[in-house]
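Shown next, in structure tokens, is the structure this report addresses.
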Amino acid sequence: MRGLVCWPLLAWLLLLQPWETQLQAAGPRCHTGPLDLVFVIDSSRSVRPFEFETVRQFLVGLLHGLNVGPNATRVGVIQYSSQVQSVFPLGAFSRPEDMERAIRALVPLAQGTMTGLAIQYAMNVAFSVAEGARPPEERVPRVAVIVTDGRPQDRVAEVAAQARARGIEIYAVGVQRADVGSLRAMASHPLDEHVFLVESFDLIQEFGLQFRGRLCAIDHCSFGNHSCQHECVSTLAGPRCHCREGHDLLPDGRSCRVRDLCNGVDHGCEFQCVSEGFSYRCLCPEGRQLQADGKSCNRCREGHVDLVLLVDGSKSVRPQNFELVKRFVNQIVDFLDVSPDGTRVGLVQFSSRVRTEFPLGRYGTAAEVKQAVLAVEYMERGTMTGLALRHMVEHSFSEAQGARPRALNVPRVGLVFTDGRSQDDISVWAARAKEEGIVMYAVGVGKAVEEELREIASEPAELHVSYSPDFSTMTHLLENLRGSICPEEGIGAGTELRSPCECESLVEFQGRTLGALEGLTQNLAQLTARLEDLENQLANQQ
């Protein structure tokens with residue numbers, strides 16, 4: 001049976017000798033490193049009295065083979081049935097003789113089989129510092145040996161996983177009627193080193209001899225070449241490598257690397273964190289700069305835009321490329337200051353028909369926009385770009401769809417993304433869009449037609465037309481788009497969101513104009529004085 005160590009009936013031959021004699025024949029006490037060892041013993045009613053006696057002998061014999069002491073192996077014993085009872089904690093005794101007396105005085109509980117409850121008690125109580133366990137920072141191995149004869153009446157998998165996660169190494173010993181599945185659910189990995197099935201209680205003493213050998217082999221680090229880069233720590237299963245503080249163990253189990261601080265600290269990076277030795281730094285998406293705080297990335301903050309994206313969803317794009325298009329759109333969103341009072345974003349998909357995925361006024365944050373973009377479903381039909389332009393002009397920039405009133409002078413920007421020739425006429429509505437004051441950008445990929453891109457885009461075409469031969473290389477277009485769409489770097493630079501007819505605007509304009517006239521008057525006066533001086537010098541020379 002895979003994952004189990006079975007003790008065959010031939011082991012009866014070893015039982016012809018008394019238990020104590022066998023231990024002496026096995027050699028002197030083993031000298032392991034420090035170890036906190038807790039035995040979890042099933043004393044439910046299914047364990048008959050003479051069977052429990054063999055378990056008692058197993059414990060006593062095993063104790064006499066260990067190097068027990070405050071600075072060596074500390075031993076605790078708990079028994080369980082429908083309840084859990086501490087026989088003695090880890091810090092109670094430092095001599096095997098004292099432990100033996102407590103074990104021989106043990107009275108079985110003879111009730112149900114709540115193994116999960118026993119594991120929980122071991123995890124929370126038996127291995128606590130208050131009960132005699134050494135603090136975690138001392139890295140003393142914590143080992144639990146569970147001996148049971150039946151199927152648990154409660155759940156064991158989850159609580160055993162919690163115990164293992166806290167660093168407790170669990171050995172599951174099943175005797176006679178034990179449930180194999182439960183043993184495997186409790187034990188540590190690898191299972192073939194932590195799960196044992198003993199055919200009968202009479203054979204448990206032979207298992208004790210074998211298990212003592214495992215305990216004696218704990219100090220593997222002192223023998224041979226363990227190959228640990230930093231530190232070797234002995235466990236019952238053999239040597240295990242540990243790394244110095246600030247380092248993590250690699251999958252090979254021996255090598256160490258500097259810990260990825262980005263996974264262990266609250267770095268606060270807006271976009272990406274990169275570990276560098278014992279420090280880290282924040283990165284921004286392509287085309288965006290890191291701000292003075294070292295965490296956030298610059299966005300379009302100097303002005304505001306109503307941006308509508310027209311995305312080609314025709315069958316020539318193909319599903320996998322459409323996902324790349326959505327990712328590209330979200331990279332554009334990353335450099336926008338999306339908010340109800342900042343930049344508003346709307347998305348329209350077109351093929352043989354046109355569908356508004358979400359209008360300008362629906363989402364108020366970049367995260368909401370990006371989530372909505374990822375949820376867009378691919379249409380996979382024809383390419384009616386002209387129909388899409390008409391929809392944008394007539395509907396997308398209406399106040400009903402979330403566009404701000406024209407009186408606020410918020411720039412209106414349309415970005416058309418397409419991979420091929422339109423199946424309808426685009427000239428009328430491409431011209432109409434620009435007549436309506438919409439700044440148009442055209443992004444072409446693959447088989448997109450240059451003449452159509454130029455007809456869609458605003459002038460000059462060099463600033464408003466972008467092209468990539470392949471969907472996978474579109475990201476190089478982001479920097480150009482950022483410089484064009486961001487108000488502080490492109491259209492609307494320095495634009496304030498107010499009407500030029502407002503009183504404050506007129507007063508400001510008048511102030512700037514008067515200031516300029518005063519400066520001009522002063523310059524003219526200085527120039528006149530210099531001319532008069534030159535005329536006087538010429539007259540004197542004559």
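All residue numbers refer to positions in the sequence shown, counting from 1. Because the structure is a prediction, the values reported are computed rather than measured.
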Does [X], at its [atom1] atom, have more than 12 non-hydrogen atoms belonging to other residues, nucleotides or ligands within less than 6.0 Å?
X	atom1	answer
Gln272	CD	yes
Gln371	CD	no
Arg421	CZ	no
Lys315	NZ	no
Arg390	CZ	no
Arg327	CZ	no
Arg155	CZ	no
Glu138	CD	yes

Hey, is the main chain of [Y] close enough, under 3.5 Å, to the side chain of [X] for a donor-acceptor pair?
X	Y	result
Arg134	Leu35	yes
Arg177	Arg151	no
Gln349	Glu377	yes
Tyr441	Ser458	no
Gln401	Pro359	no

Is the shortest side-chain heavy-atom distance between [X] and [Y] below 4.5 Å?
X	Y	value
Arg362	Glu368	no
Leu453	Thr418	yes
Ser316	Lys447	no
Ser351	Glu380	no
Thr113	Tyr80	yes
Ile78	Val40	yes
Val376	Val329	no
Phe358	Val373	yes

### Query
So Asp154 and Val156, side-chain contact (heavy atoms from CB on, under 4.5 Å) or not? Walk me through it.
CA-CA 6 Å; Asp154 57 355; Val156 297; 4.3 Å; yes
Can you see which heavy atom on [X] is nearest to which on [Y], and at what distance?
X	Y	result
Ala187	Val195	CB-CG2, 3.4 Å
Met384	Gln423	SD-CB, 4.0 Å
Ser44	Asp149	OG-OD1, 3.9 Å
Leu191	Arg184	CD1-NH2, 3.3 Å
Gly446	Tyr467	O-OH, 2.5 Å
Leu360	Phe397	CD1-CD2, 4.0 Å

### Message
Under the criterion side-chain hydrogen bond (donor to acceptor under 3.5 Å, both in side chains), I'd like the reasoning laid out for Asp424 against Ser422: C-alpha separation, chi angles, the key distance, then a yes or no.
### Response
CA-CA 5 Å; Asp424 61 349; Ser422 176; 2.6 Å; yes
### Message
One thing to verify: whether Glu436 and Arg406 come together as a salt bridge, which I'm taking to mean a side-chain N less than 4.0 angstrom from a carboxylate O.
### Response
yes
### Note: Lys326-Glu323 ion pair, threshold 4.0 Å (strictly below)
yes
### Qualifying residue, where the test is side chain to side chain contact (heavy atoms under 4.5 Å, CB included) with Ile146 and the options are Val173, Leu183, Ile119
Ile119
### Task
Decide, based on the SG atoms alone, whether Cys269 and Cys282 are under 2.5 Å apart.
yes
#### Entry: pair check: Cys228 + Cys241, SG-SG < 2.5 Å
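Yes - the two cysteines, Cys228 and Cys241, have SG atoms within less than 2.5 Å of each other.
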Could you give the distance from [atom1] ([X]) to [atom2] ([Y]), rounded to the nearest 0.5 Å?
X	Y	atom1	atom2	answer
Lys295	Asp293	NZ	CG	7.5 Å
Leu250	Cys243	CG	SG	7.0 Å
Asp419	Asn321	CG	CG	8.0 Å
Arg454	Glu459	CZ	CD	8.0 Å
Leu374	Asn330	CG	CG	5.0 Å
Leu309	Met392	CG	CE	11.0 Å

### Query
How far apart are the C-alpha atoms of Lys370 and Asp334, what are their side-chain angles, what is the distance that settles it, and do they pass the side-chain contact (heavy atoms from CB on, under 4.5 Å) test?
CA-CA 9 Å; Lys370 292 173 68 174; Asp334 275 331; 2.8 Å; yes
### Task
Please lay out, stage by stage, how Asp312 and Phe322 fare under the test side-chain contact (heavy atoms from CB on, under 4.5 Å).
CA-CA 9 Å; Asp312 184 350; Phe322 190 73; over 6 Å; no
### Residue that, paired with Asp306, satisfies side-chain hydrogen bond (donor to acceptor under 3.5 Å, both in side chains) out of Arg412, Arg404, Arg344
Arg404
### Message
Is the ring pair Tyr171/His194 parallel, tilted or perpendicular, if the boundaries are 30 and 60 degrees?
### Response
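Correct class here is tilted.
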### Residue pairs, two or more places apart or on separate chains, that pass ring pair (Phe, Tyr, Trp, His ring centres under 6.0 Å) and touch residues 138-164
none
### Task
Start with the C-alpha gap between Ile456 and Thr385, add the side-chain angles, then the distance that decides, and say whether side-chain contact (heavy atoms from CB on, under 4.5 Å) holds.
CA-CA 10 Å; Ile456 292 171; Thr385 313; 4.1 Å; yes
